[in-house]
Amino acid sequence: MAYFKKIEGERVYLSPINIEDAAKYTEWLNDLEITVNLSMPHNTYTLEQEKEALKNLSAEGYNFAIINQKDDQLLGNCGLMNVDLINRIGEVGIFIGNKDFWNQGYGTEAMELLLDYAFHLLNLNNIELKAYAFNKRAIKCYQKCGFKLIGRRREAHIIAGEKYDEIYMDILAAEFEGKIPALVKERINK
Ligand SMILES: CC(C)(COP(=O)(O)OP(=O)(O)OC[C@H]1O[C@@H](n2cnc3c(N)ncnc32)[C@H](O)[C@@H]1OP(=O)(O)O)[C@@H](O)C(=O)NCCC(=O)NCCS
């Protein structure tokens, strides 16, 4: 079996990363339509580099493959970075690499599952993210999850001769409900 239901939603689940997906990730990370929204459109990724990167990401423990519940198809990746367990803060990142699945709520559901994991299993208190100001789809998705705008770094991203602002958003544990608390109580009281 390639994927495992670590955190389950209605249409997607978060699974540990499968290193055998390296070719699919390499395809996505060389696709400018995807990477123009991420911090690495200038990078070139080889299959060998991606195998190594996936190995490292899966060893870190806070990174997940986003899998379609319907047919166990890989849709993308999400994870937590810069986790500080003393101050209980972290940063999230996400991409849906399969573009056929954009704009249908999959990213929002996957991010909510990641927040549920971060707030209720890692016990984090504040999660932040960064997005480019032109990435309206991502910003809308994050707002739907409950993220609030906390700042803006001006002209922090230069691409094709244009300068774009970087947006900063965050969300507190108290602002997020999630499904894990009820699920855990149900299991404990069984
Ligand atoms: C960003 C991303 C994770 C969002 O996932 P998704 O499944 O496409 O997003 P969702 O469908 O859950 O939500 C997107 C929302 O933005 C809206 N939207 C799309 N394009 C928009 C635009 N140009 N302006 C305003 N809203 C827009 C959608 O209609 C949807 O809102 P709705 O549900 O109210 O209709 C995904 O598109 C992706 O991976 N993109 C490429 C990489 C990337 O940008 N990663 C994030 C880097 S910060």
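Heavy atoms only: backbone and side chains are in, while hydrogens, waters and symmetry mates are out. Start at 1 with the first residue, then count along the sequence. All figures in this text were calculated on a predicted structure; none of them were measured in a lab. Numbering of ligands and ligand atoms starts at 1, following listing order.
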Check if [X] has a non-hydrogen atom at a distance under 4.0 Å from any atom of ligand 1.
| X | answer |
| --- | --- |
| Gly105 | yes |
| Met111 | no |
| Tyr142 | yes |

Do [X] and ligand 1 have an N or O pair less than 3.5 Å apart?
| X | answer |
| --- | --- |
| Ala131 | no |
| Ile34 | no |
| Ile96 | yes |

Do Lys5 and Tyr13 form a cation-pi contact, if we require the NZ or CZ to be under 6.0 Å from the six-membered ring centre and within 45 degrees of the ring's axis?
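So Lys5 does make the cation-pi contact.
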Taking only heavy atoms of [X] into account, list the atoms of ligand 1 that are under 4.0 Å away from them.
| X | result |
| --- | --- |
| Phe95 | 39 (O), 42 (C) |
| Lys140 | 15 (C), 16 (O), 17 (C), 31 (O), 32 (P), 34 (O) |
| Ala138 | 1 (C) |
| Ile94 | 3 (C), 45 (N), 46 (C) |

Among protein heavy atoms, which lies nearest [atom], and at what distance?
| atom | value |
| --- | --- |
| atom 12 (O) of ligand 1 | Thr108 OG1, 2.5 Å |
| atom 29 (O) of ligand 1 | Asn103 OD1, 4.3 Å |
| atom 7 (O) of ligand 1 | Gly107 N, 2.7 Å |
| atom 23 (N) of ligand 1 | Lys136 CB, 3.7 Å |
| atom 44 (O) of ligand 1 | Asn135 ND2, 2.8 Å |
| atom 43 (C) of ligand 1 | Asn37 CB, 3.6 Å |

Main-chain N/O of [Y] paired with [X] side-chain donor or acceptor, under 3.5 Å:
| X | Y | value |
| --- | --- | --- |
| Asn30 | Thr26 | yes |
| Asn189 | Lys185 | yes |
| Asn77 | Phe64 | yes |
| Glu186 | Leu183 | no |
| Asp84 | Asn87 | yes |
| Ser15 | Tyr3 | no |

Return yes when at least one protein heavy atom is under 4.0 Å from atom 38 (C) of ligand 1, and no when none is.
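Yes, because at least one protein heavy atom sits under 4.0 Å from atom 38 (C) of ligand 1.
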Donor-acceptor pair between Glu27 and Tyr25 side chains, under 3.5 angstrom
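Judged by distance alone, the side chains do not pair up.
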Atom NZ of Lys99 with >12 non-hydrogen neighbours under 6.0 angstrom
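For Lys99, atom NZ is crowded (more than 12 foreign heavy atoms under 6.0 Å).
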Taking only distance into account, with no hydrogens and no angle test, what donor-acceptor pairs under 3.5 Å do side-chain atoms of residues 140-161 form with protein atoms, sequence neighbours excluded?
{"unit_1": "Lys144", "atom_1": "NZ", "unit_2": "Thr108", "atom_2": "OG1", "d": "3.3"}
{"unit_1": "Arg152", "atom_1": "NE", "unit_2": "Asp165", "atom_2": "OD2", "d": "2.8"}
{"unit_1": "His157", "atom_1": "ND1", "unit_2": "Tyr132", "atom_2": "OH", "d": "3.4"}

Under 4.0 Å, heavy atoms only, figure out whether ligand 1 is touched by the backbone of Leu129, its side chain, both or neither.
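Leu129 to ligand 1: no contact under 4.0 Å from either part.
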What part of Lys130, side chain, backbone, both or neither, has a heavy atom within less than 4.0 angstrom of ligand 1?
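The part of Lys130 near ligand 1 is the backbone, not the side chain.
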Run the salt bridge (charged side-chain N to carboxylate O under 4.0 Å, His left out) test against Glu177 and tell me which residues pass, sequence neighbours left out.
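In terms of salt bridge (charged side-chain N to carboxylate O under 4.0 Å, His left out), with neighbours along the sequence ignored, Glu177 is linked to no residue.
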I'd like the name of whichever of [options] reaches closest to [atom] through any heavy atom.
| atom | options | answer |
| --- | --- | --- |
| atom 9 (O) of ligand 1 | Cys145, Ser39, Gly93, Cys141 | Cys141 |
| atom 30 (C) of ligand 1 | Glu166, Lys144, Arg137 | Lys144 |
| atom 36 (C) of ligand 1 | Tyr132, Trp102, Trp28, Phe101 | Trp102 |

Do Tyr168 and Asp170 pass the side-chain hydrogen bond (donor to acceptor under 3.5 Å, both in side chains) test, and can you show the C-alpha distance, the side-chain angles, and the key distance before you say yes or no?
CA-CA 7 Å; Tyr168 294 78; Asp170 78 353; over 6 Å; no
